Amino acid sequence: DWSMGYDWDKEVVSCLPDYYRWTQWIFLKLHEKGLAYRKKSNVNWCPTDMTVLANEQVVDGRCERCDSLVEQKDLEQWFFKITEYADRLLADLQGLENWPDRVKTMQRNWIGRSEGAQVDFKVEGGGETITVFTTRPDTLFGATYLVLAPEHPLVAGLVAGGPKEKEAQAFVASAKNLSSLERMGENAEKQGLDTGRRAVNPVNGQSIPIYLANYVLMNYGTGAIMAVPAHDTRDFAFAKKFNLPILRVIEGGDPELKEAHTEDGRLMNSGFLDGLTVGPAKAKMAEWLEQRKLGKASVSYRLRDWLISRQRYWGAPIPMIDCPKCGWVPVPEKDLPVKLPRNVEFKPTGESPLKSVPEFVNAACPKCGGAAKRETDTMDTFVDSSWYFLRYVSSHESTRAFDPQVVNQWLPVDQYIGGVEHAILHLLYSRFITKVLKDLGLIAFDEPFKRLFTQGMITKGGVKMSKSKGNSVQPDELIQKYGSDTFRLYTLFIGPPERDAEWDDRAVDGSFRFLGRVWRLFVELLERPDFAAKAPLEAPAEADKQLRRKTHQTIQKVTQDMEGGFKFNTAISAMMELVNLLYTYKENPDSKTPILREAVESLIRLLGPLTPHVAEEMWSRLGHPKTLMDSGWPAFDPDWLVADVVEIAVQVNGKIKSRALVPVGLDEAGVKREVQKDGKLASALDMAKVKKTIWVQDKLVNFIVGA
RNA sequence: GCGGAAGUGGCGAAAUUGGCAGACGCACUAGAUUCAGGUUCUAGCGGGGGCAACCCCAUGGGGGUUCAACUCCCCCCUUCCGCACCA
């Protein structure tokens with residue numbers, strides 16, 4: 001369907017093999033570089049969709065698509081190593097000057113870089129070492145206990161055979177059964193358990209207890225923390241609850257220490273750090289640890305590797321084969337695409353539906369030729385959408401993903417438009433894949449989108465219009481009823497594009513009526529005998545001048561609105577004003593067709609990008625040999641932008657009392673002279689009492705009168 | 001809790017180096033055209049008062065700066081978005 005006026009020749013369909021073949025190819029490229037790998041880990045599981053999800057697709061502990069509470073499972077899955085690009089994804093945000101700050105902030109938060117140090121603690125009565133990550137190595141003297149995440153690999157060994165073994169096992173089991181929302185949500189209680197084991201604080205030799213707690217996460221830092229209750233609010237709350245010692249190491253704040261003191265200050269109770277402020281103390285402690293091999297400076301990220309396996313049908317099959325002899329072997333490029341089988345049974349098994357198709361599963365190992373099994377998971381569809389913009393400019397390539405020459409010529413995308421809901425999904429993934437392809441030497445740029453504009457949502461009945469919510473407006477039906485020009489015009493006229501807007505079926509009539517008005521005007525004028533004549537304009541009357549000015553003002557306004565931030569709504573209202581004036585003007589018996597012709601031609605050209613079909617039709621009926629699209633953009637004549645008279649406001653003590661028509665550029669004395677002829681003003685104002693006059697050229701004059 | 005954006009007629013909204021609030025459109029009302037409905041055209045349309053000329057009030061609320069505030073400053077309210085045990 002080409003009715004919207006799109007160029008469907010450039011269409012790409014990511015669920016068809018001639019597209020996803022290249023998604024699979026990109027997977028192989030990442031795999032070659034060690035950026036696609038398989039590992040067993042604790043992953044997000046949506047119990048309704050029966051598939052794993054990436055962290056980015058879990059919103060407030062719920063599935064982004066179906067809103068179910070997400071569970072945690074230990075599963076072996078495929079990942080993309082986006083964490084290897086964390087620093088670049090963060091640093092390069094700075095160069096994206098034409099991205100909204102909001103989106104950049106969201107990406108920064110999501111990547112979540114923290115500088116700090118790793119510190120090793122020896123466990124008493126055993127050979128183990130617990131390594132913690134902290135952003136506050138300066139407070140090491142104040143560390144009064146350690147906390148491990150329940151999933152920490154050392155936990156089982158630490159409690160084995162001890163008096164706390166049973167309790168610890170129960171604690172770990174209960175933490176595992178909780179959803180992330182139950183465990184980490186805002187109402188979650190801090191749960192803890194003393195393991196009965198102790199460790200040595202490396203900086204002062206103090207013996208401190210080792211706890212387990214639900215609020216420590218295995219997948220951030222090292223899964224273990226040192227607790228400094230005096231200077232960390234979470235540790236403070238935990239220490240109060242479990243009656244653990246609190247030792248102040250930074251001066252200042254509440255002398256009674258009724259809450260954690262997290263501000264900067266001078267170190268105390270800290271040996272060689274005493275007297276330093278936080279910043280220098282951090283550096284000195286890191287150095288001290290490094291010299292003694294007790295720790296090192298370290299950086300942690302919140303960003304985790306991108307889990308791309310899905311137990312879904314729709315997605316590119318992951319092109320890997322599991323051979324009992326050779327292990328995981330990539331499908332050779334020449335064997336791509338690995339096609340989605342058609343004869344699939346869809347059963348809610350929690351495993352990929354592709355598992356049910358033996359012809360798909362059973363494959364020869366590409367390495368040894370032996371019997372092997374294909375990976376049956378498909379890739380997250382966000383992988384498909386992370387590179388489609390490269391394919392758009394090479395949509396017909398059949399022997400490669402894209403033509404690098406064409407891609408390097410056209411991309412990065414000059415102007416990208418999308419919803420803010422993609423801030424940490426599509427937009428982050430696309431940046432990552434682009435950087436990988438750049439590093440592989442396949443493209444010449446490492447950011448996909450130069451400018452980003454986040455448009456608002458269209459709502460209906462106050463809720464987001466979406467396919468899944470079933471409240472979307474069907475363009476086809478509207479196009480059937482009104483034509484695509486009306487549909488396009490209304491969506492542009494509905495409001496400022498960055499703002500959410502409520503769809504109103506009735507208001508579409510307004511756009512339809514406007515185009516009808518333009519069309520009828522055009523047809524009527526075309527019948528005027530002299531309409532085609534390009535007669536010179538001599539000594540135009542005031543009405544003629546008014547229309548010419550309006551024409552050139554409209555060209556200017558529309559040009560500025562469209563170039564400076566997609567203000568289509570006000571551009572369209574300016575064109576409506578021109579049309580309204582044209583209707584008045586044409587009724588004037590002396591109306592001149594060359595002036596009408598200039599106004600109408602300008603209008604048609606301004607409408608071209610918005611309502612291409614009707615605009616091209618009118619353009620062609622005017623007898624132009626070239627299409628409107630090839631005829632350029634109208635220019636305005638600056639001489640015709642300003643009127644020679646202007647209406648100014650006449651105020652007394654700041655209140656409007658009257659209005660006056662005066663020549664443009666008239667000076668203060670002139671304005672006063674003009675204004676005093678006004679009888680209406682005379683009754684409201686005694687000139688003898690005027691103490692002060694404020695005059696703004698071409699805008700207003702304000703007489704200040706004493707009491 | 002922290003950070004950001006927003007709040008203007010019945011509705012979508014205009015107006016920003018401070019200078020005539022409500023352009024443009026929807027809905028609505030009246031009139032013309034029409035057998036009628038629809039279409040089209042004309043006019044009206046923030047609230048209150050007045051026969052009228054006009055007057056008063058009004059941009060979430062309260063204060064302030066100014067001749068002049070939707071616009072600048074301070075306090076507050078509401079809505080939406082992001083972050084929220086990330087050590």
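Quick note on labels: first sequence line is chain A, next is B, and so on, each numbered from 1. Everything quoted here is computed from the prediction, not taken from an experiment.
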*Between G3(B) and Arg108(A), is there an OP1 or OP2 to side-chain N/O distance shorter than 4.0 Å?*
no
*Out of C85(B), C41(B), A13(B), which has the shortest distance to the side chain of Tyr583(A)?*
C41(B)
*Parallel, tilted or perpendicular for Phe242(A) and Phe238(A), by the 30°/60° rule?*
tilted
*asked:* Using the side-chain heavy atoms of Ile694(A), tell me which of these nucleotides is nearest: A13(B), C67(B), C85(B).
replied: C67(B)
*Using a 4.0 Å heavy-atom cut-off across all strands, classify Asn569(A) as base, sugar-phosphate, or nothing.*
sugar-phosphate
*Is the shortest side-chain N/O distance from Arg520(A) to OP1 or OP2 of C41(B) below 4.0 Å?*
yes
*Determine: side-chain N/O of Arg513(A) to OP1/OP2 of C26(B), distance under 4.0 Å, yes or no.*
yes
*asked:* Can you identify which nucleotide, out of C26(B), C24(B), A13(B), has its nearest atom closest to the Asp504(A) side chain?
replied: C26(B)
_Selected nucleotide, minimal atom distance to Phe493(A) side chain, candidates A14(B), A23(B), G12(B)_ = G12(B)
*Of all the nucleotides listed (G12(B), A13(B), C41(B)), which has the minimum atom distance to the side chain of Arg517(A)?*
C41(B)
*With a non-hydrogen cut-off below 4.0 angstrom, is Asn580(A) in contact with a base, only sugar-phosphate, or nothing?*
sugar-phosphate
*Touch check for Arg302(A), heavy atoms < 4.0 angstrom, all strands: base, sugar-phosphate only, or nothing?*
base
*If you look at every strand shown and take non-hydrogen atoms under 4.0 Å, does Asp235(A) touch a base, only sugar-phosphate, or nothing?*
nothing
*asked:* Closest approach to the side chain of Arg506(A), judged atom by atom: which nucleotide of C67(B), C83(B), C26(B) is it?
replied: C26(B)
*Taking the chi torsion of G9(B), is it syn (within 90° of 0) or anti (everything else)?*
syn
*Looking at the side chain of Lys692(A), which of G82(B), A13(B), C67(B) is the nearest nucleotide?*
C67(B)
_Quick test of your reading of the model: are Glu115(A) and Lys282(A) salt-bridged, counting only N-O distances below 4.0 Å?_
no
_Nearest-nucleotide pick for Thr570(A), side chain only, options being A15(B), C83(B), C81(B)_ = A15(B)
